[in-house]
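Written below as structure tokens is the structure these notes are about.
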Amino acid sequence: MELFKHIEPTAFATVILPLAMPKPLTFHITDELIPRVKFGIRVEVQVGKGRDLYSAVVIGVSSVKPDYATKAITQIIDDEPIISTLQLDFWQWLARYYSCTLGEVMNAALPTNMKLSSETRIVLNPEHNQDFSELNDHEYLVAEALTIQKELTIDQIQKILGHRTVYPLINRLLMLQILDIKEELQQKFKPKIVACVRFKEPYLSDTEGVTMSAIFDQIKNSDKQTNAMLAFLQLIRQQAQNQPVVRCSEIYEKAKTVDLGVLRAIEKKGIFEIYEREVSRIGGYEDELIVDPELSNQQTKAIYDIKKAFETKNVALLHGVTGSGKTRVYTDLMEKAIENGGQVLYLLPEIALTTQIISRLEKIFGDKITIYHSKLNAHERVELWAQAFGGKPIILGVRSALFLPFQNLKLIIVDEEHDASFKQQDPAPRYNARDSAIFLASQYKAKVLLGTATPSVETYSNAQQGKFALVEMTERFGGLQMPDIDIVDMKAETKNKTVVGNFSSRLVEELKAALGRGEQTILFQNRRGYAPTYTCPSCAWTSECKNCDVTLTYHKFTNALNCHYCGYTIKLPKECPACGSKTLIIKGFGTERVEDELKIHLPQARIGRLDLDTARTRTQHSKIISDFENKEIDILVGTQMVTKGLDFENVGLVGVLSADSLLRFPDFRASERAFQLLLQVSGRAGRKHKQGKVLIQAFDVKNLVLLDVQKNNYVSFFNREIAERQEFNYPPFVRLIAINLKHKKPDVLREAAKVFTKLLRGRLGDRVNGPATPLVEWVNTLYILNYLIKLERDTAKLTLAKQIIEEATHELHLLEGFSNVRVAIDVDPY
Ligand code: ADP
Ligand code: ZN
Ligand code: ZN
């Protein structure tokens, strides 16, 4: 190297790396690359002493040399920018507000297939047809190598090609959907396959006259087959295309007596064939559209109020009771927003993103809508990125949909605004999608509508202060009454010995009555699994997780003990591992136990269960919900999952098995959560036609939160809660930052906390609370200590406090022995 004269580089690019680096890094640009480097494109760079390659996004080009020795950008990946300056501003705001690095934000924002690093492992996309004829020599080499060897590392690809810069090539193969990145494959979604029917030769081309009578001749002995054929012909005629697509399910729908067996019988006669057709999960809506129903007076007024409010305010809260018809208000505003090429982002919590809401919106907006959820595969994510970039009018999605590259955003709807799942817990950025949506909207001069029946205390307070507009809908749609909510006194029932298992006699009676009337019931139990603990009565041994400080939960179906924190699972021990006793007993109860007890009380009822165990995938989830919709289930037992955004027509009764466990949570939000959950689950009762009944079992029957739920009185709840928040200094009166320190060794953690406390207290004084040991102090083999910082609501002071915390973290990491203490900063914890 020294033999050559060193040429001073003249052009530099600042890039974001997908790493938790405190600042963006600057690289120099070699002369031949200078014309191609610009804002927003990805480049390949090498970082550190090793051979680690990363794809990085360029956020600035300049001729000013930084005060450190720069490395060169090794290759250009994109010709055109993949992000806009608005997106970068959004990322920067998130990094600043939530005290994390730009790299961490970028990691959350970009689809996996747009990020490459040395750890990336490449595989063939199993859905690709392996036609490589379009590829150039180098690309072909890589693709072919992968047909022999299942997966390749970046290193191996470099060897195959005999040179180091490989990202542009990999990127092209990813975009052609020939390759996949390994990690994403595990959670890959099967493409949706639907069974369809079409004529076979000789009936394919000519379905008139002679042929027709020949067909009906062959099936004339079977009414069912004749009906099926009539339905099939009718469906074909409704479609104007050359190659009509008729789904088997459509035939079943039209001709009620027809099932697969009937169609198979016709197939056997050689008239038509059943074939499988793949349908894209993204867009491609094929069914008929419907016209949005007429607005009720209440809806018309709400829409008018919201529009009026948007003239002066950027955010409005729509506080509408369950069943008031908020969705129809949204759709009206959405239609207006997209009229002149505008875009709408409709955010929902993941588990509320059910087929119900999707199909309701698809029926109205058809192809104008696309869905963004966490189970999309890598290619679908890139496809959605492109759709947003291309100006797709409506994106219905979960919190991370905020990161899509919008063009002309006009309106963001945050449905179920109060939901805790809008807050990302781990990893950083620990952002709240509702609050971030407000910033995002301000960038586009778009409006934000927050909708819920149970507003979060912060949001309602913002509305009261006039920061947000407040629009209310106090009546249910169609004049339906709010459910009648009763509290069952479990103390009295226990005293009278009328409780069997976990069921009061009241609840059992009402369950029987509902069943007798042909009405459905939802039973809510806050815990999944069969029993929280499995213990030995002789020596008090309990089954505990080996990675976490919690008891394992018994799951009857798998006959195993399972940790709900880390997933650790063991088989059920036959005898007590401590004393050898053979009689181990179950204590407490979960959804599975409730299901079993129900079978004893109501042997004739058809029972379904909806929790994380029975609904592991979206398919399982929608199957249970559609079974309930189709009245194939009488009683649905479930966790929180049954409380969100579901709309059933025939639910006469909702039962809550134990309200006490909700109310007694050591968290300043416990009352708020309990109130929201109880009111939301009550809201599932009595939709359409008839007032519903809700029974809440509780020992603490005088609890004020319970009484507010019973009266459906949000304002009463809010007034008491806000007074308490003020008295004890909690949000919205202060801002909170939660910090947790984690380490494998408890003594190292304690020592680190001593130092950290000093660093913080020196500058933040008694705003610093902690360190405190959390309820569960050992999770995933790491010990945890928590801090809670309470700060004045003053932007300048808040910024300074974040800076102090970041500096303290940095200083702690510089000290010997503490470099690997993990520090997680959580701004506005939830
Ligand atoms: P919310 O989200 O406020 O709880 P929904 O939007 O689910 O309420 O509406 C409750 C029920 O009322 C749904 O079954 C919905 O189909 C029906 N509904 C709402 N608005 C209308 C309308 N304008 N015309 C006919 N049905 C409506
Ligand atoms: Zn565990
Ligand atoms: Zn024992």
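Since the structure is predicted, the reported quantities are computational estimates derived from the model, not experimental observations. Atoms within a ligand are numbered from 1 in the order they appear, just like the ligands themselves. When a residue number appears, it is its place in the shown sequence, counting from 1.
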Problem set entry | Where ligand 1 meets T322 - atom numbers and elements under 4.0 angstrom, heavy-atom basis | 4 (O)
Problem set entry | Proximal ligand 1 atoms for V321, defined as those under 4.0 Å from one of its heavy atoms | 3 (O)
Exercise. Does G320 reach ligand 1 with a nitrogen or oxygen that is under 3.5 Å from one of the ligand's nitrogen or oxygen atoms?
Worked result: no
Problem set entry | Identified ring-ring contact (aromatic ring centres under 6.0 Å, His included) partner of F403 from the options Y372, W385, Y431 | Y431
Problem set entry | Residues, nucleotides or ligands: over 12 heavy atoms within 6.0 Å of K368 NZ | no
For this session: Please identify each residue that fulfils side chain to side chain contact (heavy atoms under 4.5 Å, CB included) with S421, with sequence neighbours left out.
Result: P349, D419
Problem set entry | Option nearest atom 4 (O) of ligand 1 (shortest heavy-atom distance, choices G323, G451, S324) | G323
Exercise. Out of R328, Q680, E294, Q298, whose heavy atom is nearest to atom 23 (N) of ligand 1?
Worked result: E294
Seminar exercise, completed: Of Q299, M473, R360, the residue with the heavy atom nearest atom 7 (O) of ligand 1 is R360
Exercise. In chain order, what residues pass the side-chain hydrogen bond (donor to acceptor under 3.5 Å, both in side chains) check against R506, with sequence neighbours excluded?
Worked result: D486
Problem set entry | Qualifying residue for side chain to side chain contact (heavy atoms under 4.5 Å, CB included) with S682, from L695, D484, V694 | V694
